[in-house]
**Student:** 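After the structure tokens below, expect a handful of questions from me.
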Amino acid sequence: MNSIRVQYIQKQVALHRRELVNRLSSSSAPSCSLNGLKLLDIGCGGGLLSESLARLGAEEVTGIDPSSHLLQVAKDRATTLFLDPSTTKPQYEAITAEELALKRPRHYDVICVMDVIEHVQNLDSLWNATSTLVKPGGLLILSTLNRTALSYALTIVGAEYVMGYVPMGTHDWNTYRSPSEVQSSLERFSFVQVDVCGMVLQRPPICGWDWCLDPGNTDINWIGAFKLQSQEPELR
Amino acid sequence: MRRYGIYNSSSKFGYFRPSSWKGSRRVLFDFFQRFDVASAVATSTTAIRRTITSTTNNNSTKCQWKGSPSWTTHSKSSFPFLGRKRQLSSTTTTAQSSGIPQDNLNDDHDQNHHQGSGDDGTTTTTTTDLDVLIVGGGVVGCSFARQLLRQTPNLKIGLVEARAGPTTTDPSSSLSPLPPPHPRSYALSPQSLEWLGLVGGVGPSYQAATAATENPNGKHNEITDEKRLGYYTSMQVWEAGQPASILFRARQDLASDYLGAMVEEDVLVQHLWKEINEISSTSTTNGGCRLWTNQTVASLELPASSSAGVVQVQLQPSSLASTQCFQKTKNKISEEEGAGDTNQQRPVERIRAQLVIGADGANSWIRTLAGIARSVLDYEQQALTFTVKLQSPHQQRAFQRFLGGGPNNHNTSNGPIALLPTFWPDHAIVVWSTSPKVAQRWKDMTAAAAAASPQDSAAATAELIQELNAMLQPGPERLASLLPSSFMQNGPPPMVNLLYGAEKLYESLFHYGPTMMAQQQQQESKNGTFMAPPMIESIVSPRYAFSLTCAQVSTYIGPRLALVGDAAHSVHPMAGQGLNLGLQDAAQLLRVIQKSYQAGMDLALFLSEYDRNRQVSVSATLGGIHALHRLFQPPPPPKSRLLGQFMLKTPLQHVKSMGMNLIQNVPLLRKQLAQAACHGVLGPLAPSSSSSSRFS
């Protein structure tokens, strides 16, 4: 699933690059697609997404997570796997988004919040923090689960109770958010939705997982891009 | 000693009499065993695998690496790695005596020390960081490096080869006569040719294929420019003691202009090295391929798991700069060499790689260092191969005749003999699979006789040529009768006449009739029918012999390690699949690496998909070819009465004749077989990762 999230991020960055960095990317190779950008991964966990972003040519990648145990795993991986000094190494910090917002306001071009908001108690303070952290014209890429009957049947009954893919109690269906809910709550913080897309499993699990992006089907997993409106007129 | 030659040391197949229900159940089980290919390979290798693994695995640590072998047997002690150094003890002692510092390689994976000098200050250590390290610069390794350079341009690649590097060939040196085709050649399917970049595109016309080059700038592509591709457009398969034959033709069965091409190994590898150097030197990305020649791997430290660290490899100069083909490679520093360098400076090459690919051939050193077990089924045959000059052109047809079915053939190991066309119309390569005794006799006899006296050598060569022609020239033959001859001679005449007539009717309906029908259908095109192979005139190359086995590793992967090509599997050459399978491995591995590369993920993340795909695909192909081998070269029949009657040669010949007629007369079956040879037996049905992303 990480691969399609990364591809989505690359695509949105490519579409909005002019607003982000005021120059076009010099080459179309995937390894340079995030050149010159500063990214923040909120809820990075073991660092899977942060590492991918770092390898794709980002200038700076920070991953934050309240769990210091997971962060230690991520830091170990970064030390042992990122040996080339010329490529970016992801930085990890064990603080919350609100604390980081006090330290580095308007610092990041792209903020990624992947499968985090269904585990967060106070969403408004998170939105406040992200709107402080991201630069004007920057992107917030968010993925979560939609609160529908189908998602309950598949992700809670199916994945937790029947198949046992994840431990029981991992997800609470009441914390799932639909794209329109998130859009309306983010609009209070000057975010505008620029894209929303669904993520679906293409083949049944017997032959192996195969996630892919499906713009029409946001019933279960969805990913969206939101841009922070800037007060000044945008440079074109 | 048991009945079956191969099942010798397995106690399950002891001699028994089917006198009870249990016994007859065993008979049935045994019968199905003989034709049940997957279990035939699996159970027959159970006994042999133990001897193989006990020699390759000196470490008895319990395996904690969970491979996923579903088709082949595997030994649980196949992964003693667990983050510890693994070096050959002899290398360690000689290396220490020669002053190479060993304390550079420490167990502490979290801190990657880069020590500039060694213990005594006289050796320098250079450390290189790479993304992918390919060990083995043969066809599979080089073509994989080339495709990586083209498809994943930002990855840093390294290639380690034990032999010397490419020689600089002067294209204008065409004054010297071009050498005859070297017997070390490969039969490549159209898909393999495309992967290697030797054709202009998918399904090109024959004329364009010989003229087109891969590079649009029209750079010198010495293989296609000099036309050293031996295209073949048809393939004829028949057997002794049988009227049926199968003729595969390129246009009808593959919808292409050729079935495949024969390419010499050294020409191909030179071409690939040159292309790699060209792409590396002209690339503007920070990728590129670095070549190490005359080097082998001294030590390989794999991490305990993909997350625990990268692979540390240390190289050493190889002692086989002048290796000939088919010789076993020796990978230890000899005692004399090690001791002699005690006081000299020896630069130590260390490489840290995210992924190591073992492409170093059937006697793979990387596979041994990693402790991956292999199930081996020894056919107890050797293939004798050499180039011959023909009396008439081969007309781009490959001939293969099975010898096991003839009534006079008592040597059951006398396998198929193949005559493969080359790029010169009157030269062909003979591949004759036979018992080791016969192979060594012809190999040694001609070599020794040449040294002794020219007349003897000429006589011996003439004898060999006569024997080859005797094996290749006979065409379709009559089937032996199913009815016992004693009854036919002495029985009551009305009964005998009736049975005789019935048998003739049956043979016409099922054997000779369909054969003639097949010949009729093919006559509409030129060379559409059975053709006797051209007579062999002389032998124009040295003779090579190599052992034949059917082998597959228990797991294709390790932590940050993957095996491709002959390092992972071996197959009987009768179907010409060995290198094609290896190139399919490389193509699948490239897909897996590309999947990670496009998303910026760790290259070693999706290796288990590669393992699963190859386990299934290669097992299916190996099973199919092993089934063919067992069908045409059955082991001696058992002594038990019930089974013995059924397994007699004559009924088997009848069955095979009907089968071959069926394949020849039903175009769908023939096409499926031809396509299986190109794509692999399972083809699109093999489990694989998803294809390219939706947003690219």
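In what follows, every chain begins at residue 1, and chains take the letters A, B, ... in the order their sequences are listed. Since this is a predicted model, take the numbers as computed values, not measurements.
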**Student:** Which distance, rounded to the nearest 0.5 Å, do you find between the OG of A:S3 and the CZ of B:F606?
**Tutor:**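 Reported value, rounded in 0.5 Å steps: 5.0 Å.
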
**Student:** First locate atom OG1 of B:T128, then atom CG of A:L83, and finally report the distance between them rounded to the nearest 0.5 Å.
**Tutor:**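 Taking OG1 in B:T128 and CG in A:L83, the distance rounds to 12.0 Å.
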
**Student:** Just how far is it from atom CZ of A:R77 to atom OG of B:S306, taken to the nearest 0.5 Å?
**Tutor:**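 Interatomic distance, A:R77 CZ to B:S306 OG, rounded to 0.5 Å: 7.5 Å.
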
**Student:** Is a side-chain donor or acceptor of B:Q354 paired with a backbone partner of A:L81 at a separation under 3.5 angstrom?
**Tutor:**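 Here the side-chain-to-backbone pair exists.
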
**Student:** With a 4.5 Å cut-off on side-chain heavy atoms, are A:T80 and B:V310 touching?
**Tutor:**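 The answer is no, as the side chains (C-beta and beyond) never meet within the 4.5 Å cut-off.
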
**Student:** Given that the side chain runs from C-beta out, which part of B:L155 has a heavy atom under 4.5 Å from chain A: side chain, backbone, both or neither?
**Tutor:**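 Looking at B:L155, nothing touches chain A.
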
**Student:** Any side-chain heavy atom of A:V6 sitting closer than 4.5 Å to one from B:Q598?
**Tutor:**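 Heavy-atom side-chain distance check fails, nothing below 4.5 Å.
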
**Student:** Under 4.5 Å between any side-chain heavy atoms of A:L48 and B:D602, yes or no?
**Tutor:**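 Result no, sub-4.5 Å side-chain heavy-atom pair not found.
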
**Student:** Output all residues satisfying ring pair (Phe, Tyr, Trp, His ring centres under 6.0 Å) with A:H171, sequence neighbours left out; order by chain, then residue number.
**Tutor:**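 In terms of ring pair (Phe, Tyr, Trp, His ring centres under 6.0 Å), with neighbours along the sequence ignored, A:H171 is linked to A:H119, A:Y176.
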
**Student:** To the nearest 0.5 angstrom, please state how far the CG atom of B:L605 sits from the OG atom of A:S52.
**Tutor:**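 It comes to 8.0 Å.
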
**Student:** Nearest 0.5 Å, what's the OG1-CG distance between A:T87 and B:D131?
**Tutor:**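 Going from OG1 on A:T87 over to CG on B:D131, the span is 8.5 Å.
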
